[in-house]
Amino acid sequence: MEQRIYKRINWVIIMAAAVALTGCSILSPIKLEPKASMIEISKNKPKEKCRYIAPIEAVDSWLFRDMFTSNDNQVQSAYSLLRNRAQTLNANYVQVLHYEYRQSSLLGIFEFTRMPALSAVAYRCSQ
């Protein structure tokens with residue numbers, strides 16, 4: 001009986017440590033892929049020799065992560081997400097059309113912090 005209690009306590013401690021360690025990594029900004037760092041982002045229209053690829057959007061929010069992450073990290077994550085998505089489309093230029101903060105909520109009832117949202121268009125420009 002006593003041994004079962006110790007096993008259960010050990011299991012609870014291991015699970016709590018795993019959740020704590022995972023939680024810290026969730027709060028880190030989204031990692032920018034190496035090739036994505038070369039993508040130019042601007043509010044301006046692209047040069048004449050650019051081909052439209054697709055609209056893209058980036059919103060940095062995952063469950064309640066926005067409650068525990070600074071706005072600077074959220075903005076950095078949103079831009080990293082935008083660049084990563086553009087890179088998967090083989091784009092090298094992104095025109096940001098709209099930038100806003102969206103309100104996050106739980107079931108539409110409890111409102112929490114605001115999260116950055118970017119609407120953009122991906123292009124492939126010749127060098």
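Using a 4.5 Å heavy-atom cutoff, the side chains of Q95 and K43 are not in contact. Taking 4.5 Å as the limit, every side-chain heavy atom of V94 sits out of range of all side-chain heavy atoms of V121.
Membership of an apolar cluster is not assigned to M38, as no side-chain contact below 4.5 Å to another ILVMFWY residue is traced.
Annotation for A58 and A78: closest pair CB-O, 3.3 Å, computed over non-hydrogen atoms. Closest approach of I39 and Q87 over heavy atoms only: CD1-N, 3.4 Å. Nearest heavy-atom pair across S37 and P34 is OG-O, 2.7 Å. Of all heavy-atom pairs between S119 and E57, the closest is OG-OE2, 3.7 Å.
Taken from CG in L32 to CZ in R83, the straight-line distance is 6.5 Å, to the nearest 0.5 Å. For the atom pair C50 SG and K45 NZ, the distance stands at 12.5 Å (nearest 0.5 Å).
S42 is linked by a side-chain contact (heavy atoms from CB on, under 4.5 Å) to N44, Y93, counting only residues two or more places apart in sequence or in another chain. Here R124 pairs with R51, I53, N90, N92 under the side-chain contact (heavy atoms from CB on, under 4.5 Å) rule; sequence neighbours left out.
Cluster membership for I41 and L89, using ILVMFWY side-chain heavy atoms within less than 4.5 angstrom, is shared.
Listed for the N84 side chain is a donor-acceptor partner under 3.5 Å among the backbone atoms of K31.
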Subject >> Criterion side-chain contact (heavy atoms from CB on, under 4.5 Å) on H98 and L118, from CA distance to verdict >> reply: CA-CA 6 Å; H98 186 71; L118 298 162; over 6 Å; no
